[in-house]
2 protein chains.
Amino acid sequence: MATIGDVAREAGVSRSTVSSVLTGRKFVSPETREKIEAAITMLGYSVNAGARALATARTMTLGVVVRFHEAEFSPALATYLVALADAARESGYAVVLLTEPDGEAAVNKAIAGRQVDGLVLLSVVEGDPRLGPIAEAGYPAVLVGMPEDTRGIDSVDLDFAAAARLLVDHLADHGHREATFVRWPDKVYAGGSTYAIRFASAAEKRAGERGLTLEPLSCSVGPEQVRAALRDELGRADGPSALIVHNDAASAMLQFALHDTGLDVPGDRSVVSLHSAELARLYALPFTSVESGPDVVAHAAIEMLVRRIASPDAPAEARLVGPRLIERGSVATVA
Amino acid sequence: MATIGDVAREAGVSRSTVSSVLTGRKFVSPETREKIEAAITMLGYSVNAGARALATARTMTLGVVVRFHEAEFSPALATYLVALADAARESGYAVVLLTEPDGEAAVNKAIAGRQVDGLVLLSVVEGDPRLGPIAEAGYPAVLVGMPEDTRGIDSVDLDFAAAARLLVDHLADHGHREATFVRWPDKVYAGGSTYAIRFASAAEKRAGERGLTLEPLSCSVGPEQVRAALRDELGRADGPSALIVHNDAASAMLQFALHDTGLDVPGDRSVVSLHSAELARLYALPFTSVESGPDVVAHAAIEMLVRRIASPDAPAEARLVGPRLIERGSVATVA
DNA sequence: CTGAAAGCGCTTACAG
DNA sequence: CTGAAAGCGCTTACAG
């Protein structure tokens, strides 16, 4: 493999001049630059990342901390990972996967081993133990997911409150007066998942303002249980004219429950939902929905992290990404 | 951050002695070793990966080349990525994500930049352009997916032929005499996807041996089209007693088609399928199936790659991972 | 505008 | 069994 010395020799200049064109930090005369560039392509030279990292104390790689075995539960995870890697590459960074079961240990190791310049924490939850070491070390990081207390760490997330308002407005605009609010299992709210809480609070508030009555339906865990709960709800003779769903399992199982009960959307019931594009695609979900946009979130996360690495002392930012309504015709207009 | 020099000073030894305990390559007296270890924990020292990489010419990181936007189509991708990272970590390697849209460029860049010691190529297809640069450079790599011509590169994949035999035997053992073979779209076979071809050939051969008649049903693309095709097939008055499915979309949509036609499994039709555990979980698929085992495949891939890095000149290996039958009671016994 | 020199934090022969 | 020295491939003041 060619080194900077080979290039220098080939171009007839010193190593530092080659370095200058490599880093772009110094002016080099066009003629010299051209000679150097020619030498580079002719030798197939490419800078040794490790050596550069050693000299600059910057690895130009970012760590993505994945929650243990999250892969089993999140259809959107792969999309996030690829989107993060894409965004990072655009900023000149590589991405390493940190999958250690103990997330806190993973973070500690990453910080101590300085193999990365910054960390992206995926699926951050309330009281996430991974935040501790980062906050203490003042290490550059960005949270995807927004806990109540971000410990002074930058964070980015879907604007769940805005999403809820969008969905409620959509139903109200179509004349609906009451809707079943299919929620996550109670323990999700009790566990302090802020996204669930932010959605629910905003939905209730906006519903009140728009004269829409929300009947909460808490689902338990497990596809079959969720399906049964939905079937029961749909089977009610005097049920609401619409459903507003914030529960991935319920969104997925709703079609089965509709089949079970022989009901039609939007003929018999109108449906709006909050779920990822992956879920929609995987289950071919035909519901008008608000999506979380992994690409947008990932790009924002990387942008914030890169900025944070450059300015460690800037004030922390909490960024909410605006929701997007995907119209799928699952809402009927009622008189 | 503490350096090896700090540790040496703290322990009252030379830097090379510290290095000896770090690498474990030389015998160091227990007393000295203990002093050094104490100094390490007391200083919170951790070796600088970049410096070590520079000195050893080994980065201890592996690159995973993801096919462009594969995330959109493969529910198993996240599982593979996490499993690969896990397995790599167990061998002391980190994993970086290479997501460049142009896979060939990604490979070239990775080789030229020597940021990784080896490459894992995910979802390798027939005529995959990523193989060229690897074969030419003789670069350490392992393919997940097994094309006809591996170009002398190690590869690992599910044993699709064995999987097909397992499924055919399962139906035959339960007395079935004819089955609809729900295949991928024709172009998949025409495009040379060896996994599809290996499955189909073995299924047909074994079916012949077991006296099971296979009626091929080629599905087109798109969930609704697949669903319609299945509905038509299930609606046939004289249809076969069983279905053997090798088509993810069909496996996913089969439940809907069953609902559409009011048929019951295994009462009206028996079903066996080849699909990933992710698909099964995401769609709550209730079919007896053979699974590809991302964990097993990922571990095998990393093991092979690590070995290849150690012995660049060993003969290439093509490893088939045995299938596992997951019994879900979707096959009835016929007289 | 270009070059000689020092240094980033390790490892590894080589002496002792 | 331990240490002094060179070197891995870069970058970055510092001279010129």
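Chain naming here is simple, since letters A, B, ... match the order of the sequence lines and numbering starts at 1 in each.
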Are any of the side-chain heavy atoms of B/L320 and B/M146 separated by less than 4.5 Å? yes
Which atom pairs, one a donor and one an acceptor, fall under 3.5 Å between side chains of residues 298-308 of chain B and the rest of the protein, sequence neighbours left out?
residue: B/H299; atom: ND1; partner: B/D295; partner atom: O; Å: 3.2
residue: B/H299; atom: NE2; partner: B/E90; partner atom: OE1; Å: 3.2
residue: B/E303; atom: OE1; partner: B/R319; partner atom: NH2; Å: 3.3
residue: B/E303; atom: OE2; partner: B/R307; partner atom: NH2; Å: 2.7
residue: B/E303; atom: OE2; partner: B/R319; partner atom: NH2; Å: 3.4
residue: B/R308; atom: NE; partner: B/D154; partner atom: OD2; Å: 2.8
residue: B/R308; atom: NH1; partner: B/S311; partner atom: O; Å: 3.3
residue: B/R308; atom: NH1; partner: B/P312; partner atom: O; Å: 3.1
residue: B/R308; atom: NH1; partner: B/A314; partner atom: O; Å: 2.7
residue: B/R308; atom: NH2; partner: B/D154; partner atom: OD1; Å: 3.1
residue: B/R308; atom: NH2; partner: B/D154; partner atom: OD2; Å: 3.2
residue: B/R308; atom: NH2; partner: B/A314; partner atom: O; Å: 3.3
residue: B/R308; atom: NH2; partner: B/P315; partner atom: O; Å: 3.2

Using Watson-Crick pairs (N1 to N3, plus N6-O4 or O6-N4) and G-U wobble pairs, both distances under 3.5 Å, which stems of at least 3 pairs involve DNA chain D? C:1-3 with D:14-16, C:5-12 with D:5-12, C:14-16 with D:1-3
Side chain proximity check, B/Y139 to B/I309, heavy atoms < 4.5 angstrom: no
Hey, can you pull the donor-acceptor pairs under 3.5 Å for the side chains in residues 50-57 of chain A, sequence neighbours left out?
residue: A/T56; atom: OG1; partner: A/R52; partner atom: O; Å: 2.7
residue: A/T56; atom: OG1; partner: A/R58; partner atom: N; Å: 3.3
residue: A/T56; atom: OG1; partner: A/R58; partner atom: O; Å: 3.3

Nearest heavy-atom approach of A/L131 to A/D149 is CD1-O, 3.9 Å
Where along residues 49-58 of chain B does a heavy atom fall under 4.0 Å from DNA chain D? B/L54, B/A55
How do B/R114 and B/V13 order along DNA chain D: which one's closest nucleotide is nearer the 5' end? B/V13
With sequence neighbours excluded, what pairs up with B/S14 under the side chain to side chain donor-acceptor pair (under 3.5 Å) test? B/S16, B/T17
Applying a 4.0 Å non-hydrogen cut-off, can you work out what A/S20 is touching in the nucleic acid: base, sugar-phosphate, or nothing? nothing
Pairs under 3.5 angstrom only: tabulate donor-acceptor contacts from the side chains of residues 30-47 of chain B to other protein residues two or more places apart or in another chain.
residue: B/T32; atom: OG1; partner: B/S29; partner atom: OG; Å: 2.5
residue: B/T41; atom: OG1; partner: B/A38; partner atom: O; Å: 3.1

Strictly under 3.5 Å: I want the nitrogen or oxygen pairs between protein and nucleotides 13-16 of chain C, one per line.
residue: C/dC14; atom: N4; partner: B/K26; partner atom: NZ; Å: 3.1

Compare all side-chain heavy atoms of A/V124 with those of A/L122 and state whether any distance is below 4.5 angstrom. no
Just how far, in rounded Å, is P of C/dG9 from OH of B/Y45? 10 Å
Ignoring hydrogens and angles, state whether a donor on the side chain of B/T59 or B/R114 is under 3.5 Å from an acceptor on the partner side chain. no
Residues in salt bridge (Lys or Arg N to Asp or Glu O under 4.0 Å) with B/D6, at least two apart? B/R9
Find the distance B/R25:CZ to D/dC1:P and express it as a whole number of Å. 18 Å
Between C1' of D/dG3 and CZ of B/F27, the distance in whole Å: 17 Å
Could you work out, with side chain to side chain donor-acceptor pair (under 3.5 Å) as the rule, every residue matching A/D159, not counting sequence neighbours? none
Specify the separation, in whole Å, of atom CG of A/N48 and atom C1' of C/dC8. 13 Å
In chain order, what residues pass the side chain to side chain donor-acceptor pair (under 3.5 Å) check against B/S155, with sequence neighbours excluded? none
Any residue of residues 2-12 of chain B with a heavy atom less than 4.0 Å from an atom of DNA chain C: B/T3, B/I4
How long is the line joining CZ of A/R15 and P of C/dA5, in whole Å? 11 Å
So, using side-chain contact (heavy atoms from CB on, under 4.5 Å) as the criterion, who are the partners of A/P133 when residues are at least two apart? A/E104, A/V107, A/N108
Between A/S14 and C/dG3, is there a contact of a side-chain N or O with OP1 or OP2 at under 4.0 Å? yes
Whole Å only: how far is the NZ atom of B/K35 from the C1' atom of D/dG3? 13 Å
Residues, nucleotides or ligands: over 12 heavy atoms within 6.0 Å of A/R89 CZ: yes
